[in-house]
Amino acid sequence: RCCSASSLQPFALPAGGNDLENRTKLGFWAGHRNSKIRVILARVWENDTELDISNNRINRAIGPLVYQKRFYSTKFSICPGGSQVNSARIADSIHYGCVPVILLNYYDLPFNDIIDWQKFAVVLEEHDVYWLKQILKDIADAEFVALHKNLVKVQKHFQWNSPPNRYAAFHMVMYELWLCHHVIKY
């Protein structure tokens, strides 16, 4: 599929960056059980002490921006497939400096023809959900630091600015469309 869509929106809080010492939780996910992989994720990991897995989106009544603030204290953001093709969670993860863990058998990642997701994300298949905690714990500190450092470098590509900034989301979309112009048959 050419020219994948990514979920971009104004972010409620500043970008996460040089804050590795604050990232004490291994992994985080909060969402609805609207797909098979999400049901399994919640069932297997919702009571774990190192993975912060919540069955539902975090209720706004417990405080402002609680969902967004969770990204700042977490190393990895679990991004399972849901009921839609795209997910704002991936863009949220990148913006807040939380290494995304893509948990899908196949997903056409945003800007996949332009950036190397393996350098700033962990891409797994759905059956890996049962070993998720061990997979994340097996990532050496130096490898995590490299993933996080590269994540901070690509944050600018997922920011939507008006007017557009060079190399930000608008230019990334336009470049991806340009790359696809050879593929599209009229």
Side-chain angles (χ1 to χ4, degrees), residues 4-20 22-35 37-38 41-42 45-46 50-104 107-112 114-124 126 129 132 136 139 144 147-162 164-165 167-170 172-173 176:
S4 60
S6 59
S7 298
L8 302 165
Q9 70 276 345
F11 294 101
L13 297 170
N18 298 322
D19 55 0
L20 290 179
N22 297 330
R23 297 183 181 278
T24 56
K25 190 62 88 170
L26 181 62
F28 165 63
W29 175 75
H32 299 293
R33 294 184 188 201
N34 58 7
S35 69
I37 188 61
R38 288 173 174 223
L41 175 67
W45 298 110
E46 68 185 341
E50 294 177 272
L51 294 173
D52 182 3
I53 306 296
S54 300
N55 181 27
N56 292 304
R57 283 287 277 216
I58 296 169
N59 188 338
R60 295 176 199 265
I62 64 172
L65 304 173
V66 172
Y67 173 76
Q68 292 85 347
K69 290 175 184 174
R70 286 262 179 85
F71 286 101
Y72 290 130
S73 62
T74 308
K75 290 181 176 184
F76 298 99
S77 170
I78 316 305
C79 302
S83 61
Q84 299 178 8
V85 175
N86 62 352
S87 172
R89 182 171 290 103
I90 294 172
D92 287 343
S93 303
I94 293 167
H95 177 77
Y96 295 119
C98 193
V99 174
V101 177
I102 313 300
L103 194 56
L104 281 167
Y107 186 71
D108 191 16
L109 294 164
F111 315 133
N112 201 32
I114 305 168
I115 56 179
D116 184 356
W117 281 80
Q118 299 293 330
K119 292 187 177 180
F120 65 92
V122 178
V123 181
L124 303 173
E126 290 181 359
V129 69
L132 179 63
L136 297 180
I139 295 173
F144 171 73
L147 287 167
H148 187 266
K149 184 178 177 182
N150 290 331
L151 176 72
V152 172
K153 288 179 185 177
V154 300
Q155 283 175 332
K156 65 182 173 231
H157 300 312
F158 292 86
Q159 295 171 350
W160 196 265
N161 303 294
S162 184
N165 290 354
Y167 305 112
F170 176 81
M172 294 292 286
V173 170
E176 192 165 42

Quiz item: Got a second to check how far C98's SG is from I90's CD1, nearest 0.5 Å?
Solution: 12.5 Å
Quiz item: Should the heavy atoms of other residues, nucleotides or ligands under 6.0 Å from NZ of K69 be counted, would the total exceed 12?
Solution: yes
Exercise. Give, for atom OH of Y72 and atom CG of L65, the distance between the pair rounded to the nearest 0.5 Å.
Key: 9.0 Å
Practice problem: Locate the shortest heavy-atom distance separating L104 from G81; write the atom from each residue and the value. | Solution: CD2-CA, 3.3 Å
Practice problem: Given side-chain contact (heavy atoms from CB on, under 4.5 Å), test F144 with L20 step by step and report yes or no. | Solution: CA-CA 10 Å; F144 171 73; L20 290 179; 3.5 Å; yes
Quiz item: Side chains of P80 and W29: does their closest heavy-atom pair fall under 4.5 Å?
Solution: yes
Exercise. Say whether, by atom type as modelled, one donor and one acceptor occur between the side chain of R23 and the main chain of K75 under 3.5 angstrom.
Key: no
Exercise. Identify the heavy atoms of L132 and L41 that sit nearest to each other, and give their distance.
Key: CD2-CD1, 3.8 Å
Quiz prompt | Rounded distance (nearest 0.5 Å) linking atom OG of S93 with atom CD1 of I78 | solution = 9.0 Å
Quiz prompt | Salt bridge flag under 4.0 Å for residues R33 and E46 | solution = yes
Exercise. Give a yes or no on whether the backbone of G97 and the side-chain of H148 come within a donor-acceptor separation of less than 3.5 Å.
Key: yes
Quiz prompt | Residues which pass ring pair (Phe, Tyr, Trp, His ring centres under 6.0 Å) with F120, listed by chain and number, not counting sequence neighbours | solution = W117
Quiz prompt | Closest approach of V152 to G17 (non-hydrogen atoms, all atoms of both residues) | solution = CG2-CA, 3.9 Å
Practice problem: May I ask you to decide if the ring planes of F28 and Y67 are parallel, tilted or perpendicular, using 30° and 60° as cut-offs? | Solution: tilted
Quiz item: Can you tell me if E50 uses its side chain to pair, donor with acceptor, with the backbone of G27 under 3.5 Å?
Solution: no
Self-check item: Nearest heavy atoms of V122 and I139, plus distance in Å
Solution: CG2-CD1, 3.8 Å
Quiz prompt | Short side-chain to backbone donor-acceptor contact, R38 and H32, under 3.5 Å | solution = yes
Quiz prompt | Backbone of S73 reached by a side-chain donor or acceptor of N22 within 3.5 Å | solution = no
Self-check item: Rounded distance [0.5 Å steps], CD1 in I102 versus SG in C79
Solution: 4.5 Å
Quiz prompt | Beyond-backbone contact of T24 with T74, side-chain heavy atoms, under 4.5 angstrom | solution = no
Self-check item: side-chain contact (heavy atoms from CB on, under 4.5 Å) between V129 and L124, worked out
Solution: CA-CA 8 Å; V129 69; L124 303 173; over 6 Å; no
Quiz item: Are the side chain of Q155 and the backbone N or O of G16 linked by a donor-acceptor pair below 3.5 Å?
Solution: yes
Exercise. Using modelled atom types only, decide if a donor and an acceptor are shared between the side chain of R70 and the backbone of A30 within a distance under 3.5 Å.
Key: no
Quiz prompt | Shortest non-hydrogen separation from L151 to P100 and the atoms involved | solution = CD1-CD, 4.0 Å
Quiz prompt | Counterpart residues, side-chain hydrogen bond (donor to acceptor under 3.5 Å, both in side chains), relative to D116 (two or more places apart) | solution = none
